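Every chain is numbered from 1 and lettered A, B, ... according to where its sequence line falls, protein lines coming before strand lines. All heavy atoms count here, side chains included; hydrogens, waters and symmetry mates do not. Please read these numbers as outputs of a predicted model, since none were measured by experiment.
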Number of protein chains: 2
Amino acid sequence: MRVKKQSVYNAILQSATAEFAEHGYVKSTIGRIAERAGTSSSNIYVYFQCKLDIALAVYESWFKAQIYNLVRTVRRQNMPEAKVKKLLEGLWNNIPKHKNGLTTTLVQALSTATPSDNYNPKLLQWTEKKIAELLSESVTGSTGNQEEFTSIANIIMLAFDGVGLRHNLSKPVDHSADSIQQMTYMICAMGLKTRN
Amino acid sequence: MRVKKQSVYNAILQSATAEFAEHGYVKSTIGRIAERAGTSSSNIYVYFQCKLDIALAVYESWFKAQIYNLVRTVRRQNMPEAKVKKLLEGLWNNIPKHKNGLTTTLVQALSTATPSDNYNPKLLQWTEKKIAELLSESVTGSTGNQEEFTSIANIIMLAFDGVGLRHNLSKPVDHSADSIQQMTYMICAMGLKTRN
DNA sequence: GCATTATAACGAATATCATTCGCTATTGAC
DNA sequence: GTCAATAGCGAATGATATTCGTTATAATGC
């Protein structure tokens with residue numbers, strides 16, 4: 001028997017990360033990923049089922065790092081409003097518009113996915129839960145994870161996808177600063193009401 | 001000289017509408033669109049620059065009809081809260097999840113677009129303006145189109161894109177009812193504050 | 001050690017389209 | 001009528017994800 005080498009797997013992931021960051025999902029080619037990884041196109045299919053799976057694997061590790069980073073930044077703030085604002089700046093600006101970012105890649109990958117790729121929304125659910133907790137903790141001081149924050153986290157992540165989607169188009173007027181401010185205001189207003 | 005026939009143009013649009021509604025953007029083929037339209041693949045390029053342009057043309061007329069419909073539905077409501085809720089149900093449920101809907105097509109088309117396709121966000125801007133006015137009118141009773149509603153409209157449309165994106169994946173847990181309720185509440189709360 | 005065997009690895013197909021090209025046929029303008 | 005621009009078309013072209021057939025390798029049992 002022969003066994004898959006971790007080193008080959010890692011090389012593919014690393015190569016794919018560079019390729020996707022540079023070209024996005026659609027214009028990245030398996031051929032170039034293989035070349036940079038020092039293997040062949042066909043051998044990549046020994047390690048991954050399809051191109052989508054590579055993109056998801058690459059995105060997951062990048063995105064989780066971004067989120068952990070964001071959590072730290074938010075916790076460093078003192079006032080609820082500042083916390084919420086940092087959170088939104090991260091999710092509606094910094095992460096989806098990151099210069100070597102992979103959010104555009106993810107959006108492209110997901111939008112071209114077919115049901116037969118049977119995508120698993122694990123990462124999405126993990127993120128929404130994390131964001132809901134962070135919001136709750138930021139606004140009310142406790143991690144009670146109320147219903148409301150679950151919904152708000154959902155809305156924020158839907159809009160995150162939207163930002164990622166629009167970002168690769170020649171940017172239209174970018175209202176993000178205003179939108180972030182407005183959303184911060186609405187979320188904090190809700191927090192006040194909750195306390196009474 | 002020979003002149004382009006309106007009838008051929010219309011046939012292409014009509015055929016493309018059916019094709020995109022059935023297969024989405026990526027899996028639709030120019031060949032089938034041509035066939036259903038009774039012309040050849042190559043002749044389609046006499047009428048449209050590229051596949052993206054066909055999708056955008058198809059989407060625009062479908063989407064505008066949906067929006068006009070939504071405006072009517074919202075205006076039919078009496079209470080601000082009911083108006084806002086209908087608005088959100090339209091934009092976060094009915095339109096992006098429409099069974100013969102084209103939103104998935106649009107999302108796919110935009111996410112795979114390259115800068116060289118030089119996409120023009122005219123429709124997007126038109127929609128956000130329309131939504132901002134409708135919100136303002138619904139919540140405050142006047143079309144004053146305050147800054148706040150512009151931002152909220154922007155957020156709603158970003159999330160609209162997100163809903164469209166996620167809809168073609170095997171649907172994860174769908175929080176949309178809760179999210180709509182939560183957003184309705186936040187928008188209306190803001191309206192109250194504005195009045196004082 | 002050695003034989004066995006599952007499978008990693010790879011180069012060469014395959015299949016699928018969007019888009020382009022070269023040519024022919026049509027039709028509006030003069 | 002003649003001319004010339006161009007609609008229309010069938011046959012390339014070019015890209016590229018994925019599959020296939022074969023070979024080489026190494027883990028396992030003896």
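Taking atom CD1 of residue B:I12 and atom C1' of nucleotide D:dA7, one finds them 11 Å apart after rounding to whole Å. Taking atom NZ of A:K4 as the reference point, atom P of D:dT25 lies 18 Å away to the nearest angstrom.
For A:S40, taking side-chain heavy atoms from C-beta onward, the closest of the listed nucleotides C:dA29, C:dG11, D:dT25 is C:dG11. In this structure, the nucleotide among C:dT19, D:dG8, C:dA8 sitting nearest to the side chain of B:V46 is D:dG8. Distances from the side chain of A:R2 to the nucleotides C:dT19, C:dA29, C:dT7 place C:dT7 closest. Closest approach to the A:I30 side chain among D:dG8, D:dT18, C:dC10 is made by D:dT18 (side chain taken as heavy atoms from C-beta onward). Here the side chain of B:K51 is nearest to one of C:dA9, C:dA18, D:dT6, namely C:dA18. Here the nucleotide nearest the side chain of B:S42, chosen from D:dT18, C:dT20, D:dG8, is C:dT20.
Heavy-atom contacts from other residues, nucleotides or ligands closer than 6.0 Å to NZ of B:K64 number more than 12.
The phosphate of C:dC10 (OP1 or OP2) has a side-chain N or O of A:T39 nearer than 4.0 angstrom. Here A:K5 does not reach the OP1 or OP2 of D:dA26: none of its side-chain N or O atoms lies under 4.0 Å away. Contact annotation: A:Y45 side-chain N/O to D:dC20 OP1/OP2 distance is not under 4.0 Å.
Residues in residues 76-86 of chain A take part in these side chain to side chain donor-acceptor pair (under 3.5 Å) pairs, two or more places apart or across chains: A:K85-A:Q181.
Screening B:R32, B:K27, B:Q14 for a side-chain hydrogen bond (donor to acceptor under 3.5 Å, both in side chains) involving B:E19 leaves a single residue, B:R32.
Taking the six-membered ring for Trp and the full ring otherwise, B:F63 and B:F160 have centroids separated by under 6.0 Å.
Among the heavy atoms of the strands, none lies under 4.0 Å from A:T112.
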